[in-house]
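In this text the structure is predicted, and so the values were computed from the model without any measurement. Convention: sequence-line order gives letters A, B, ...; per-chain numbering from 1.
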Protein chains: 2
Amino acid sequence: MPRILIKDVKQKIGAKVQVMGRVMNARLLSNVSFFQVQDYSGAIQTVWEKLVEAKAGDAVEIIGEVREDKRAKGGCEILGEELKIISANTEDLPFDLAKKDLNLQLTTLLDWRALSLRHPKVQAIFKLYDLLLKHYGLVMRDNGFTEVKTPKILGAASEGGANFFKIKYFDQSAYLAQSPQFYKQIMVGVFERVFEIGSTFRAEPHFTTRHVNEYISLDAEMGFIMSFKDVMAILNKVLAEVFAKIQEEGAEFLALYDVKGIAVPKEIPSVKLSEIREIIKKKYDYTIPEGTDIDPEGERLAGRYAKEEFNSDFIFITHYFWKEKPFYTMPSAENPKETEGFDLIYKGVELVTGSQRIHKYDELIANMKKKGIKPDGMEYYLDVFKFAMPPHGGWGMGSERLIQQMLGLGSIKEAILFPRDVKRLSP
Amino acid sequence: MPRILIKDVKQKIGAKVQVMGRVMNARLLSNVSFFQVQDYSGAIQTVWEKLVEAKAGDAVEIIGEVREDKRAKGGCEILGEELKIISANTEDLPFDLAKKDLNLQLTTLLDWRALSLRHPKVQAIFKLYDLLLKHYGLVMRDNGFTEVKTPKILGAASEGGANFFKIKYFDQSAYLAQSPQFYKQIMVGVFERVFEIGSTFRAEPHFTTRHVNEYISLDAEMGFIMSFKDVMAILNKVLAEVFAKIQEEGAEFLALYDVKGIAVPKEIPSVKLSEIREIIKKKYDYTIPEGTDIDPEGERLAGRYAKEEFNSDFIFITHYFWKEKPFYTMPSAENPKETEGFDLIYKGVELVTGSQRIHKYDELIANMKKKGIKPDGMEYYLDVFKFAMPPHGGWGMGSERLIQQMLGLGSIKEAILFPRDVKRLSP
């Protein structure tokens, strides 16, 4: 008898079918037993009017009759007849996967990742993540962006940052990319609009609930903009479309986290950095420390302000200070101490950083000099600006942080299958 | 006047429009000039009945009247009125982008990558690559696969290979992933069917036309298989669907390379390794060296055999030798010197490697011992096989090699935006 997918069982009421999958939520009694079987297409209840040997977690093959059952999810169940255990647990599970919530310490959750991932609520995180990847790609293409893949091994630790991992590369030294910045800008000169979904590596030595050392960045870069506001407008549109699709296709997963609406405003409110600092001082009596643009507490309060004032989970903060921003960021025409850029705060945490970039060679070199950055090893990038680069800008968005904030997860590591932090290299 | 996209110009015949883009193929005469303008949506001819200052490569803004022109691609052209040069080349281009073929040495092509990528024939490669990424994701999802992202920094150089790049990771040593093998197998225990599009790093010290040190692998892994033939069947189906979509949406790009059909047979022919060795000896009088399973010349001749015998660009070679295959590969039941796996040859070059994997803990440990591999650092992976892993298998496919073979490119590096080889770390 050929295998049938669980999603198709409901079309076979009254017939005998064979399904395969994993045993979930087993209740085994002496005269009657129930358990769910999950395959990649869905899950179904099976009922056994006899003693069965399956245990929660086993991989099984089942033959039985499909019965209508209006109370059951999907409207039917299988009356089990034959059971074959394809593969069994040979050790006890370290925790109970049948509980509604795992309620594990983060360390336990991650140390036993191969098993904690089998819990439905944990699975839901990565089903939503899958939807994010799918729809980011589709929506970006709908908006004229071409997907690119740029190298993650770099010859020079550029962008002036210190947070690079060093690699031994044959007889040379190399570095892991901490963003596709230079390459996506180069690609604006080719396709005008490009996006990338790619691995990103940051050798930041601190532990926080929102940082990891390896993550997937959702990047974009676009040409022929009038100002960075064009970038914000496209980002706003893209997020609105992606969130609508996640809401539509991921409702059952969002429901497990009691997340009802994930609406993106038609026009996300926007405020200048200098203004939000004032607002936070006045409204919440908190002073963002001097010498920083905005700190995590400031972002949290900016998120609170967005919610209270605009009933929005999102708020743009614009015009970050020149001295805090990378050399390729366009300085503001009105105030050279500020830049033509933005962060997007989502539920009180920075989700996206974006800006207009300098597109003229001389201006770029001058800005580097002002910042005391040497061009060594960056010539391949700088030279491009001798060849008619249009005004352009773009963004980098943390994919896992997006899911973390969407679901209100305590740590970004819950939104990564196998996260990497300062200490954690396994599993 | 707001910008209009070039793809929408044809709906504005008789009207005045503004377009922006890059000047391509300029023919500038004293009394009349012609040039194409390309934006991210398409290209259009512009005609000027006066002297204009635009040069090939400039980023420009144009205002003019749309005129019907049946001879023109798209059925219309723009009679130019105003021209604004947004950004100009400030140095001469190192080669002529207006030529039909660039005809550059590979080194020149890559050294000047930011500019060579602007040539329409080079752009076409990456437009096709974009279609491959898009449709691989969509087709895999249609077939029940969930997209995953697994870590590229590993705590242990596992899989027994020597070709790992080493990283300094805070106070530890780490390695760059040379495949998502262990993680995708773990994920079969979670979602049953998973796929990944991810960066892959191989510290192979040799130069060939088909190897690079960093590439994008299209991976898949699936559970509850009866044999590795189930994996081959899904791969065959996926490739057929993806190629059909590329043919449909990428016809204009394929045409630039005179590629007409890219059909995948409904059932790709399949032959055992031991048999193809015999066939190649008999038919083409070539002896594949002892001590190897099949060499590049053998693959080339296998491709020739597929074409001559089955009129197919593809051929599966199955049952590779146990001693050449990684420890997780399922040995054949009938002949333990062979394995339950396959390679897929595309136009004479290996494109995919796949197999059934060992899914029982004791068998896996026994196979490792036989191969003399120590489990150190792999415990996180091995332990999963104590927890009811179903029979499973999967594949890894080189995305850039696929495009290389599809278009008949001389080197895989032509199919990578910014390739990395033993010497090349820039651009």
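For A:Phe165 and B:Phe170, the distance between ring centers is under 6.0 angstrom. Taking the centre of each ring, B:Tyr381 and B:Phe182 come in below the 6.0 Å mark. A ring-centre distance under 6.0 Å is found for A:Tyr183 and A:Tyr380.
The part of A:Gln172 that comes within reach of chain B is its side chain, from C-beta onward, which places non-hydrogen atoms under 4.5 angstrom from that chain. Heavy atoms of A:Asp171 lying under 4.5 Å from chain B belong exclusively to its side chain. Using a 4.5 Å cut-off between heavy atoms, A:Val60 touches chain B through its backbone atoms (N, CA, C, O) alone. Residue B:Lys127 touches chain A through both its backbone and its side chain, counting heavy-atom pairs closer than 4.5 Å. With a threshold of 4.5 angstrom between heavy atoms, A:Asp362 does not approach chain B through any atom at all. For A:Ser173, the part lying under 4.5 angstrom from a heavy atom of chain B is the backbone only. Contact of A:Ser41 with chain B is not made at all, since no heavy-atom distance falls under 4.5 Å. B:Leu117 touches chain A through backbone and side chain together, each having a heavy atom under 4.5 Å away. Using a 4.5 Å cut-off between heavy atoms, A:Gln185 makes no contact with chain B at all. Neither the backbone nor the side chain of A:Met222 has a heavy atom closer than 4.5 Å to any heavy atom of chain B. Heavy atoms of A:Lys423 lying under 4.5 Å from chain B belong to its backbone as well as its side chain. In this structure, chain B has a heavy atom under 4.5 Å from the side chain of A:Tyr129, while its backbone stays farther away. Interface residue A:Ala88: only backbone heavy atoms are found under 4.5 Å from chain B. Both the backbone and the side chain of A:Gln123 come within less than 4.5 Å of a heavy atom in chain B. Contact of B:Leu5 with chain A is not made at all, since no heavy-atom distance falls under 4.5 Å. In this structure, chain A has a heavy atom under 4.5 Å from the side chain of B:Leu176, while its backbone stays farther away. At a 4.5 Å heavy-atom cutoff, the contact between A:Ile216 and chain B is made by side-chain atoms alone.
Chain A forms the most heavy-atom pairs under 4.5 Å with one residue out of B:Asp58, B:Ile86, B:Asp111, B:Leu115, and that residue is B:Leu115. Comparing A:Gly223, A:Pro427, A:Ala59 by how many heavy-atom pairs each has under 4.5 Å with chain B, the most go to A:Pro427. By number of non-hydrogen pairs under 4.5 angstrom with chain A, the leading residue of B:Leu133, B:Ile186, B:Val384 is B:Leu133. Of all the listed residues (B:Leu138, B:Thr146, B:Ile153), the one sharing the greatest number of non-hydrogen pairs under 4.5 Å with chain A is B:Ile153. Ranking B:Ile197, B:Leu417, B:Leu93, B:Ile85 against chain A, the residue ahead of the rest is B:Leu417, based on heavy-atom pairs under 4.5 Å. With chain A as the partner, the residue from B:Arg141, B:Met20, B:Lys7, B:Lys134 showing the most heavy-atom pairs under 4.5 Å is B:Arg141. Considering only heavy-atom pairs separated by less than 4.5 Å from chain A, the leading option among B:Lys360, B:Arg113, B:Glu400, B:Arg3 is B:Arg3.
Distance alone, capped at 3.5 Å, places no donor-acceptor pair between the A:Asp8 side chain and the A:Ile4 backbone. Counting only distance, with no hydrogens or angles, the side chain of B:Glu214 and the backbone of A:Lys152 share a donor-acceptor pair below 3.5 Å. Of the possible donor and acceptor atoms, one in the side chain of A:Arg118 sits under 3.5 Å from a partner among the backbone N and O of B:Gly189. Side-chain atoms of B:Asn213 come within 3.5 Å of backbone atoms of B:Val422 as a donor-acceptor pair (strictly under, hydrogens ignored). Of the possible donor and acceptor atoms, none in the side chain of A:Asn89 sits under 3.5 Å from a partner among the backbone N and O of A:Asp92. A donor-acceptor pair under 3.5 Å is absent between the side-chain atoms of B:Asn163 and the main chain of B:Arg202, judged by distance alone.
The aromatic rings of A:His359 and A:His392 sit perpendicular to each other, their planes meeting at more than 60°, with 30° as the lower class boundary.
When side chains are defined from C-beta on, B:Arg420 does not count as touching B:Val212, because their heavy atoms never get closer than 4.5 Å. Side-chain contact between A:Val139 and A:Asn143 is present, with at least one heavy-atom pair separated by less than 4.5 Å.
Because its NZ or CZ atom is both nearer than 6.0 Å to the ring centre of B:Tyr361 and within 45° of the ring axis, B:Lys386 counts as a cation-pi partner of that residue.
Side-chain polar atoms of A:Glu196 and A:Thr150 form a donor-acceptor pair below 3.5 angstrom.
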